[in-house]
Student: 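The structure follows.
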Amino acid sequence: MPVSTEHPHSVSKLPMSAKVYINGKFFDPQDATISVFDHGLLYGDGIFEGLRIYNGKVFRLEQHIRRLYDSAKAIHLKIPLSPAEMTDACVESVKQSGYTDGYIRLVVTRGAGTLGLGPERTENPQTIIIVDKIKLYPQEFYDNGLEIITASTIRNHPGALSPQIKSLNYLNNIMAKIEASKAGCLEALMLNHKGEVAECTADNIFIVRNGNLLTPPTDAGILEGVTREVVLELAKDGGIPAFEKTLTRHDVYVADECFMTGTAAEVIGVVKVDDREIGDGKPGPITRKLKSLFQQLTMG
Ligand code: PXG
């Protein structure tokens, strides 16, 4: 099916419903299926992106597409579409859904093949674009902040699999997420193999200390979050000194403020870490300022 380059701002006549694009065709969710022999399922061999739609526009689409192709290159996966075609396919998928606000899950798998690890056993990588509603954290957590714990599960060792690759194997993060939920928390802080602060299971982390905004650098073993980049830009524009800096758990405990960023979470305050209250136990002024600047950006 040819994809349209028409902007999703154009008023859709289609009813609003979740839609799934698979290799150029659109399906209702219950009809969207791929092979059980897909190496994405059998081995987690594939990559993904999570994006947001705000007011009919895909937020930071270009950055997500770039990261997807970077992930693909790193795992020797040739995506059947060009970045421009993928961009058009995302825009068309949003249009087909009729959603003006929602979530996009972009997945490229290695494709179906015989059993065995080798990618040469597969052909036809599968391109999947799911447009769906997004379930946000309850509002009270945006107002009052979240409590998190440090997980004992560390982030992927960069020598095993670069955390910069958004791969379909999220098990280490899922293990950390389970630790969080067993501790009654919605997120967990993950350290790297050196014991430094890396990020959370699906969010990047920031702290504020003496008016400076600090976040771990890429070489701490993090996914370079699109929201993280936006927040660093907003800080720069808003006159908040911001730096990438190696952080320890101690730095987090004694921070004046702490918050997380992510496509799903946006900007959300963290007010307790491993049972230590951060600052005065409420989302701080810099957190609130950046949260509101971010919201203005998504509304604009
Ligand atoms: N770290 C990790 C490990 C992530 O997976 C982020 C940081 C934040 O990156 P962005 O680019 O979103 O600012 C992520 C993002 C999902 C889902 O459905 C997961 C993410 C994003 C959107 C949806 O689980 N992870």
Side-chain angles (χ1 to χ4, degrees), residues 18 20 29 40 44 46-54 58-71 74 90 101-107 128-137 146 148 150-151 153-158 160-181 186-193 196-206 215-235 244 247 258-268 270 290-291 293-295 297-298:
V20 183
I47 51 169
F48 78 102
E49 279 295 318
L51 306 84
R52 286 287 285 276
I53 312 154
Y54 295 107
V58 184
F59 188 69
R60 292 294 190 270
L61 178 54
E62 200 187 324
Q63 285 85 340
H64 284 283
I65 297 285
R66 191 178 313 140
R67 192 169 64 186
L68 183 81
Y69 281 78
D70 288 348
S71 293
C90 283
D101 287 277
Y103 175 72
I104 304 174
R105 166 62 58 92
L106 191 46
V107 183
I128 302 161
I129 305 172
I130 304 169
V131 182
D132 203 355
K133 293 221 157 59
I134 180 140
K135 195 165 180 300
L136 302 169
Y137 286 132
L146 276 181
I148 63 173
T150 306
T153 308
I154 63 161
R155 196 65 177 86
N156 273 337
H157 190 300
L161 180 69
S162 171
Q164 285 171 261
I165 301 170
K166 211 161 157 61
S167 92
L168 288 183
N169 193 326
Y170 250 52
L171 266 180
N172 77 318
N173 297 43
I174 290 166
M175 292 299 117
K177 184 93 177 172
I178 291 171
E179 288 186 54
S181 100
L186 295 174
E187 251 293 15
L189 181 62
M190 298 183 78
L191 308 177
N192 65 17
H193 60 289
E196 301 157 353
V197 169
E199 59 184 332
C200 297
T201 68
D203 298 299
N204 290 111
I205 189 140
F206 285 78
T215 195
T218 308
D219 64 13
I222 60 163
L223 182 84
E224 289 176 300
V226 170
T227 322
R228 170 184 181 273
E229 200 58 47
V230 171
V231 164
L232 286 170
E233 277 166 31
L234 288 172
E244 296 182 83
L247 299 175
C258 179
F259 64 86
M260 302 183 305
T261 63
T263 292
E266 302 178 338
V267 176
I268 189 160
V270 173
L290 289 167
K291 181 172 173 285
L293 288 172
F294 185 83
Q295 271 165 351
L297 205 61
T298 60

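Everything quoted here is computed from the prediction, not taken from an experiment. In each ligand, atom 1 is the first atom listed, and ligand 1 is the first ligand listed. In this chain, residues are counted from 1 in sequence order.
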Student: Is a side-chain donor-acceptor pair under 3.5 Å present for Thr215 with Glu244?
Tutor: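 Not at all, the side chains of Glu244 and Thr215 share no donor-acceptor pair under 3.5 Å.
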Student: For atom 1 (N) of ligand 1, which protein heavy atom lies nearest, and how many Å away is it?
Tutor: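 In this structure, atom 1 (N) of ligand 1 has Glu199 OE1, 2.6 Å as its nearest protein heavy atom.
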Student: Report the member of Thr261, Asn173, Ile104 with the shortest heavy-atom distance to atom 3 (C) of ligand 1.
Tutor: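 Looking at heavy atoms only, Asn173 sits closest to atom 3 (C) of ligand 1.
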Student: Looking only at protein heavy atoms, which one is nearest to atom 15 (C) of ligand 1, and what is the separation?
Tutor: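 The answer is Lys166 NZ, 3.3 Å.
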Student: Would you say Gln63 touches ligand 1, if touching means a heavy atom closer than 4.0 Å?
Tutor: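 Gln63 does not count as a contact of ligand 1 under the 4.0 Å cut-off.
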Student: Which residue holds the protein heavy atom closest to atom 13 (O) of ligand 1, what is that atom called, and what is the gap in Å?
Tutor: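 Looking only at protein heavy atoms, the one closest to atom 13 (O) of ligand 1 is Thr227 OG1, 2.5 Å.
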Student: Please write down residue, atom name and distance for the protein heavy atom closest to atom 24 (O) of ligand 1.
Tutor: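 Scanning the protein heavy atoms, the shortest distance from atom 24 (O) of ligand 1 goes to Arg105 NH2, 3.7 Å.
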Student: So is Thr201 in contact with ligand 1, going by heavy-atom distances below 4.0 Å?
Tutor: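 Contact check Thr201 vs ligand 1: positive.
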Student: Can you find a side-chain donor-acceptor pair between Glu229 and Gln63 that sits under 3.5 Å?
Tutor: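 No donor-acceptor contact under 3.5 Å links the two side chains.
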Student: Do Lys166 and Glu49 meet the salt-bridge criterion of a basic N to acidic O distance under 4.0 Å?
Tutor: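 The answer is no: the pair does not qualify as a salt bridge.
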Student: For atom 12 (O) of ligand 1, which protein heavy atom lies nearest, and how many Å away is it?
Tutor: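 Atom 12 (O) of ligand 1 sits closest to the protein heavy atom Thr263 OG1, 2.5 Å.
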Student: So which heavy atom in the protein is nearest atom 5 (O) of ligand 1, and how far is it from that ligand atom?
Tutor: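 The protein heavy atom lying closest is Tyr170 OH, 2.5 Å.
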Student: So which heavy atom in the protein is nearest atom 23 (C) of ligand 1, and how far is it from that ligand atom?
Tutor: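 It is Tyr103 OH, 3.0 Å.
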Student: If you measure from atom 6 (C) of ligand 1 to every heavy atom of Gly225, Gly262, Ala202, which option wins on shortest distance?
Tutor: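 Among Gly225, Gly262, Ala202, the closest heavy atom to atom 6 (C) of ligand 1 comes from Ala202.
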Student: Could you check whether Arg52 pairs with Glu266 (Lys NZ or Arg NE/NH1/NH2 to Asp/Glu carboxylate O, under 4.0 Å)?
Tutor: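 Answer for the salt bridge query: yes.
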Student: Heavy-atom pairs closer than 4.0 Å: do any link ligand 1 to the side chain of Arg155, the backbone, both, or neither?
Tutor: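 The part of Arg155 near ligand 1 is the side chain, not the backbone.
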Student: Specify the protein heavy atom at minimum distance from atom 11 (O) of ligand 1: its residue, its atom name, and the distance to 0.1 Å.
Tutor: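 Looking only at protein heavy atoms, the one closest to atom 11 (O) of ligand 1 is Val226 N, 2.7 Å.
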